[in-house]
Amino acid sequence: MSTTPIDRQDLIRMIASEKTDERQVLYDNAYRLKLEQVGKLVYFRGIIEFSNICTKNCYYCGIRRDNTAFSRFSMKEDEVLDCAKLAHDYRYGSIVLQAGERNDPDFVSFVEKVVRRIKQMSDNGLGITLSLGEQSPETYRRWFEAGAHRYLIRIETSNRSLYQSLHPEDHDFDRRMACISELRKIGYQVGTGVMIGLPGQTEEDLAEDILFFKKLDVDMIGMGPYIVHHDTPMAGKSPEFNPVRQLRLGLNMIAATRLALKDVNIAATTALQALDPRGRELGLQAGANIIMPNITYTRYRSSYQLYDNKPCLDENAGLCRACLSHRITGIGEDIGYNEWGDSPHFAKRRFEYK
Ligand code: SAH
Ligand code: SF4
């Protein structure tokens with residue numbers, strides 16, 4: 001495989017690629033590089049979406065503060081523990097705790113306690129990733145000390161003015177950037193990502209996003225296509241929403257990111273599946289190596305809809321598990337059970353900095 005560094009123009013070409021045969025070459029190259037750099041094992045992160053209460057008001061998101069068209073929930077400590085236990089019994093290796101953003105002391109203590117209890121329950125077996133938005137350095141530290149070791153915080157777009165157009169005035173790009181560097185300083189493995197195919201976003205913007213990931217030297221990428229939620233201010237601004245284009249851009253971005261970043265973990269996110277029943281498998285075949293099965297209690301799933309057509313709302317964790325392992329072995333990949341599945345990038349980085 002060519003070792004010529006990939007530049008901005010190459011990235012733009014890959015992202016804009018439309019012809020089927022051209023895209024197949026792109027995906028095959030990314031797939032080969034994935035096998036070489038991170039292997040053929042797909043790692044599972046069982047995701048628990050434990051509360052849809054959010055103090056923020058992002059214009060694209062279905063659970064934004066001002067959307068009153070659905071009921072809010074917060075799982076109890078024991079319920080979260082129960083879901084985590086399921087992931088442990090299923091030998092998933094890692095879980096993700098995700099929710100709307102809250103910064104109040106009760107929430108901070110709740111998460112701290114839950115993380116500690118999951119670590120104890122699994123005898124330190126389960127790796128814990130948090131995806132709980134912007135918090136103070138003190139909060140990040142407390143959660144890290146309780147046992148969380150990875151944190152996902154998408155920058156959403158690295159284009160500052162586009163970011164501003166997607167958020168109310170008090171949502172601050174610089175603050176989000178500062179969170180990423182704070183998390184790194186504390187010692188988390190940090191993941192970031194963007195929404196792909198946003199109204200007003202160009203292929204150049206997406207290429208810049210990949211260069212941004214590279215500059216930040218992140219360990220994991222969780223990005224996915226933007227999907228309209230009908231009850232949001234952005235719904236009216238997305239008249240040309242085209243699922244076929246969204247899926248294509250999503251897969252092109254995975255492949256281009258794999259080719260540019262090489263040894264990081266890249267998730268095939270659920271948003272891909274919302275656009276195509278085989279979306280996540282296509283993501284794996286375009287260079288992703290992580291899947292996040294939903295292990296939230298079925299009764300809460302319909303109240304956690306960041307976007308329309310979210311799949312698997314009426315399935316339980318057992319069904320998700322059976323369906324996923326079938327899908328993954330069906331494309332000739334294997335599942336990395338009982339392992340945290342940290343990225344080789346993180347392992348190298350840690351070694352270099354010791
Ligand atoms: N509140 C936390 C975590 C939950 S939201 C946070 O915002 O970081 C997790 C991710 O969902 C967001 O980062 C955003 O990229 C994604 N998301 C929200 N609305 C979406 C939509 N309409 N389409 C696609 N992704 C969306
Ligand atoms: Fe809240 Fe996250 Fe949705 Fe923004 S994207 S409204 S912070 S849940």
Side-chain angles (χ1 to χ4, degrees), residues 45 47-70 72-74 96-103 107 111 129-135 139-140 143 148 150-158 162-164 166-168 170-173 175-177 179-180 183 188 190-199 201 206 209 213 218 220-238 241-243 246-247 249-250 253 267-275 279 292 294 296 300 303-311:
R45 319 284 188 228
I47 182 161
I48 308 171
E49 296 159 339
F50 67 87
S51 169
N52 64 1
I53 299 174
C54 188
T55 55
K56 294 185 86 184
N57 231 346
C58 309
Y59 293 147
Y60 43 83
C61 178
I63 66 169
R64 61 197 299 274
R65 186 182 66 214
D66 286 354
N67 186 4
T68 52
F70 64 103
R72 303 279 172 174
F73 74 90
S74 257
V96 181
L97 298 178
Q98 191 184 79
E101 188 174 310
R102 278 176 58 185
N103 314 109
F107 182 76
V111 173
T129 305
L130 300 178
S131 172
L132 303 170
E134 295 161 34
Q135 303 290 340
T139 297
Y140 285 147
W143 292 345
R150 303 188 185 112
Y151 205 101
L152 273 179
I153 181 163
R154 291 184 176 177
I155 192 67
E156 313 300 0
T157 170
S158 63
L162 182 58
Y163 183 93
Q164 281 162 354
L166 305 173
H167 299 97
D170 60 349
H171 294 29
D172 183 4
F173 181 84
R175 160 110 185 84
R176 204 135 177 113
M177 286 289 295
C179 286
I180 297 178
L183 286 160
Y188 283 95
V190 179
T192 194
V194 293
M195 281 178 290
I196 303 162
L198 288 159
Q201 187 184 45
L206 290 167
D209 289 338
F213 303 154
V218 288
M220 359 181 244
I221 304 292
M223 60 186 169
Y226 160 66
I227 300 177
V228 173
H229 186 290
H230 62 281
D231 261 332
T232 58
M234 279 210 0
K237 293 190 183 135
S238 318
F241 186 80
N242 172 351
Q246 296 301 92
L247 180 67
L249 271 183
M253 274 295 279
T269 53
T270 314
L272 289 171
Q273 200 192 347
L275 296 168
M292 295 155 79
N294 196 337
T296 313
Y300 294 126
S303 309
Y304 196 91
Q305 293 197 58
L306 309 177
Y307 45 80
D308 291 339
N309 296 325
K310 190 179 173 199

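Computed over heavy atoms, backbone and side chain alike; hydrogens, waters and symmetry mates excluded. Remember, it's 1-based here, ligands and their atoms both numbered in the order they're listed.
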Roughly how far, to the nearest 0.5 Å, is the OG1 atom of Thr129 from the CG atom of Leu97? 8.5 Å
Just distances here: any N/O of Gly100 and N/O of ligand 1 closer than 3.5 Å? no
N/O donor-acceptor pair under 3.5 Å between Glu49 side chain and Thr296 backbone: no
Under 3.5 Å between any N/O of Tyr307 and any N/O of ligand 1: does that happen in this structure? no
Give the ring-plane orientation class for Phe73 versus Tyr300, where under 30° counts as parallel, over 60° as perpendicular and anything between as tilted. parallel
Taking atom 3 (Fe) of ligand 2 as the reference point, the nearest protein heavy atom with its distance: Cys61 SG, 2.4 Å
Judged by non-hydrogen atoms, does Ile153 sit under 4.0 Å from ligand 1? no
Donor-acceptor pair, His230 side chain versus Ala235 backbone, under 3.5 Å? no
How far apart are the closest heavy atoms of Ser158 and Val194, and which atoms are they? N-CG1, 4.4 Å
At what distance is the nearest protein heavy atom to atom 4 (Fe) of ligand 2, and which residue and atom is it? Cys58 SG, 2.3 Å
Is Ile63 near ligand 2, meaning one of its heavy atoms is under 4.0 Å from it? yes
Kindly confirm or rule out an N or O of Ser131 lying under 3.5 angstrom from an N or O of ligand 1. no
Pick one of side chain, backbone, both or neither for how Ala99 approaches ligand 1, counting any non-hydrogen atom pair under 4.0 Å. backbone
Please work out whether the ring planes of Phe50 and Phe107 are parallel, tilted or perpendicular, with thresholds of 30° and 60°. parallel
Examine the proximity of ligand 1 to His229 and report which part, side chain or backbone, both or neither, has a heavy atom under 4.0 Å away. neither
Under 3.5 Å, side chain of Asn57 to main-chain N/O of His171, donor-acceptor pair present? no
From Arg176 CZ over to Tyr163 OH, what is the distance, rounded to the nearest 0.5 angstrom? 5.0 Å
Does any N/O atom on Cys61 come nearer than 3.5 Å to any N/O atom on ligand 1? no
Can a side-chain donor-acceptor contact be found between Gln98 and Tyr304 if the only test is distance below 3.5 angstrom? yes
I'd like to know if the side chain of Tyr307 reaches the main chain of Tyr226, judged simply by a donor and an acceptor atom lying under 3.5 Å from each other, with no hydrogens or angles considered. no
Just going by heavy-atom distances, which of Cys54, Ala274, Pro225, Ala271 is nearest to atom 24 (C) of ligand 1? Pro225
So which of Arg176, Arg154, Glu49 gets nearest to atom 8 (O) of ligand 1, if we judge by its closest heavy atom? Arg176
Which option out of Tyr151, Tyr60, Tyr304, Tyr59 puts a heavy atom nearest to atom 19 (N) of ligand 1? Tyr60
Ligand 1 contacted by Gly193 (non-hydrogen, < 4.0 Å): no
Just say parallel, tilted or perpendicular for the rings of Tyr151 and Tyr188, cut-offs at 30° and 60°. perpendicular
Atom 11 (O) of ligand 1: closest protein heavy atom, distance to 0.1 Å, is Leu306 CD1, 3.4 Å
Can Asn52 and Arg72 be counted as having a side-chain donor-acceptor contact under 3.5 angstrom? no
For atom 13 (O) of ligand 1, which candidate among Glu156, Gln98, Gln305 holds the nearest heavy atom? Glu156
Tell me, which protein residue and heavy-atom name are nearest atom 23 (N) of ligand 1, and how many Å apart are they? Ile227 N, 3.0 Å
Can you tell me which residue and heavy atom of the protein come closest to atom 26 (C) of ligand 1, and the distance to 0.1 Å? Met195 SD, 3.6 Å
Of all the non-hydrogen atoms in the protein, which one sits nearest to atom 1 (Fe) of ligand 2, and at what distance? Cys54 SG, 2.3 Å
